[in-house]
There are 2 protein chains.
Amino acid sequence: MTYQDNVSVIDCDKCPLRGQDCFTSFKPDEVSFMQRFKTGEMVADAGTELFIEGARSAQLFTVLSGMGIRYKTLEDGSRQVISFVMPGDFIGLQAGVMDEMCHSVEASTPMRLCVFNRNRVFELFQNQPDRAFALTHIAAVEEHFLGEALTTVGQRGAVDKIAWSLHRFFCRARVLDLTKDDTCPLPFRQQDLADALGLSLVHTNKTLAKLRARGVASWSHGVLWVMDEPELTKLSGIDPERVQPRPLI
Amino acid sequence: MTYQDNVSVIDCDKCPLRGQDCFTSFKPDEVSFMQRFKTGEMVADAGTELFIEGARSAQLFTVLSGMGIRYKTLEDGSRQVISFVMPGDFIGLQAGVMDEMCHSVEASTPMRLCVFNRNRVFELFQNQPDRAFALTHIAAVEEHFLGEALTTVGQRGAVDKIAWSLHRFFCRARVLDLTKDDTCPLPFRQQDLADALGLSLVHTNKTLAKLRARGVASWSHGVLWVMDEPELTKLSGIDPERVQPRPLI
DNA sequence: CGAGAACTTGATTCAACTCAACACTGGTGG
DNA sequence: CCACCAGTGTTGAGTTGAATCAAGTTCTCG
């Protein structure tokens, strides 16, 4: 399952994410504050449930590496994937400010997570206005993204939905430097994508085949290959995908 | 259109919303801070665009009275209603922390808004940790709601979608004390509801008729009448609708 | 090598969409 | 004052995109 890995904890100082230019830069005292705020690291195997809907959690995480999914489950067993979780994402904010999580988070690959203590979140508001602002910024960005997802799921057809999803993922991967040429890892199941877009597994599969046949994008064996990026961008309906640096917690 | 109404500005001290028990209480110094933070009031006619997608805005608002919709527009002209805006809602957070809004906001009824200055948001983080936390809390609640909306739009059938939407609205209205017996104002068009749920106008109309015929709920002439609340709740798929007090800005 | 999970593909069904007409309302101007 | 119009709501008929059902095929891993 999961285990604490106290030996090889990374210093915030040397955090491999912080340097990337898709994240806003830290002031020196912010780094040292985060170092004190951080209570450890955790490694999770693929399949681990990091959070469970409705549960209170004492811990909050920042993803150092690996990927996962946030999702909600309905009474009838159907599932809505809310978003894909990637390195740099902060998870558990809802548990941090409200009393409980309103969705579950599951690791799709092995993940390494930076661990924070829930009951120290308020310290951050008291002592580190910049960090508190960053937290709010992250929440606003997440809200923005959910609005886009809602729009896609509510208004577009299957081809556009899939295209949007693949395009968005590829762009996120690129700023994280996870792409190689026109490819990037996409370690989810077709079922996950289907549940994210409100499509059936079968239709998702057929639509992916269509995009592959059209020479737009191809996803197999956990690797996404963007064959015709302009076309994918056009189908996705996203303007220039403003890549604005976002804060890291 | 809109105009400043400098004469009858309400003191935060006497804010009619603050007293309601659906909002968390303020400490005295928080009230005085908000009073200084508040730069005025605005009255908007029905139909006014409070925010326009993509624009920067110098102002942020808290809704004092009236209702509206948040929405995104797509290239092809279709529209996704992100949420319904009700008294107590804080709008413009995205403009406040990111540089621009990623959805528009339109008044559906005449609205009275409390106006704040965007460039003073950071003061709040520097001087008022409680208020800053409240802002983050609001963002997290909004994120929670959007996740629920996404789940509904993605996974449920038309009857459930409509039921969820009506139930949610009625619950929100009730905690704001806008209900009278089993009714509450619902000042939107069927098209707005359709665009919120990703349904066509025609199908929305037919589904509303179905709920009316079944004796569950009836919406006409801007008034929602909940005829069978247990049934509506059941259809909506919401557990107990935990009514947790939320902060007001 | 066998078993389960994931992915494919074709055939059929159904929920929701589009089209099209009509009813009701309130506002405007001749 | 009434004719007209634009916005909104209602209803029926026919179409379609996506769901479901049903059978494979390929992968993965113990």
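Excluded from the calculations below are hydrogen atoms, water molecules and symmetry mates; all remaining heavy atoms, backbone and side chain alike, are included. To find a chain, count down the sequence lines: A is the first, B the second, and so on, and within it residues start at 1. Keep in mind that this is a model prediction, so the values were computed, not measured.
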**Study point:** Minimum-distance pair of heavy atoms, taken over all atoms of Cys114(A) and Phe116(A)
**Key:** SG-CZ, 3.8 Å
Check your understanding: If you take all heavy atoms of Asp195(B) and Gln155(A), which pair is closest and at what distance?
Key -> O-NE2, 3.4 Å
Rounded to the nearest angstrom, tell me the gap between atom [atom1] in [X] and atom [atom2] in [N].
| X | N | atom1 | atom2 | answer |
| --- | --- | --- | --- | --- |
| Asp76(B) | dC17(C) | CG | C1' | 14 Å |
| Leu186(A) | dC7(C) | CG | P | 10 Å |
| Leu208(A) | dA18(D) | CG | C1' | 15 Å |
| Ile162(B) | dA16(C) | CD1 | P | 10 Å |
| Trp219(B) | dG9(D) | CH2 | P | 7 Å |
| Gln155(B) | dT20(D) | CD | C1' | 15 Å |

Practice item. Apply salt bridge (Lys or Arg N to Asp or Glu O under 4.0 Å) to Glu231(B) and list each qualifying residue two or more places apart in sequence or on a separate chain. Key: Lys234(B)
Please list each protein N or O that sits under 3.5 Å from an N or O in nucleotides 13-17 of chain D, with the distance.
from: dA13(D); atom 1: N6; to: Lys206(B); atom 2: NZ; distance (Å): 3.4

Practice item. Give the angle between the helix axes at the two ends of the helix from dC1(C)-dG30(D) to dG30(C)-dC1(D), taking five base pairs at each end and rounding to 10°. Key: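 That helix gives 30° between its end axes.
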For [X] and [Y], indicate whether the former's side chain and the latter's backbone hold a donor-acceptor pair under 3.5 Å.
| X | Y | value |
| --- | --- | --- |
| Glu41(B) | Val9(B) | no |
| Thr152(A) | Glu148(A) | yes |
| Glu100(B) | Glu53(B) | no |

Practice item. Quick one: do Arg118(B) and Arg56(B) satisfy side chain to side chain contact (heavy atoms under 4.5 Å, CB included)? Show the steps, please. Key: CA-CA 10 Å; Arg118(B) 178 208 148 112; Arg56(B) 293 174 60 97; 3.7 Å; yes
Review point. Where do Phe170(A) and Glu229(A) land on the side chain to side chain contact (heavy atoms under 4.5 Å, CB included) test, with the steps shown first?
Key: CA-CA 10 Å; Phe170(A) 189 74; Glu229(A) 192 175 344; 4.1 Å; yes
Check your understanding: Can you tell me if the side-chain N/O atoms of Asn205(B) get under 4.0 Å from OP1 or OP2 in dT10(D)?
Key ->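 For Asn205(B), the contact criterion (side-chain N or O under 4.0 Å from OP1 or OP2 of dT10(D)) is met.
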Please report, to 0.1 Å, the donor-acceptor pairs under 3.5 Å made by any side chain of residues 181-189 of chain B, with sequence neighbours excluded.
from: Thr183(B); atom 1: OG1; to: Lys180(B); atom 2: O; distance (Å): 2.8
from: Arg189(B); atom 1: NE; to: Asp192(B); atom 2: OD2; distance (Å): 3.4
from: Arg189(B); atom 1: NH2; to: Asp192(B); atom 2: OD1; distance (Å): 2.9

**Study point:** Nucleic acid contacts - residues 189-201 of chain A versus DNA chain C, non-hydrogen atoms under 4.0 Å
**Key:**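 Close to the strand are Arg189(A), Gln190(A).
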Check your understanding: Is any side-chain heavy atom of Leu166(B) closer than 4.5 Å to a side-chain heavy atom of Val216(B)?
Key ->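 With C-beta onward as the side chain, the pair stays apart.
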Exercise for review: Could you list all the side chain to side chain donor-acceptor pair (under 3.5 Å) pairs where at least one residue sits in residues 61-75 of chain B, not counting sequence neighbours?
Suggested key: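 Applying side chain to side chain donor-acceptor pair (under 3.5 Å) to every pair that reaches into residues 61-75 of chain B, excluding sequence neighbours, yields Glu49(B)-Tyr71(B), Arg70(B)-Ser83(B).
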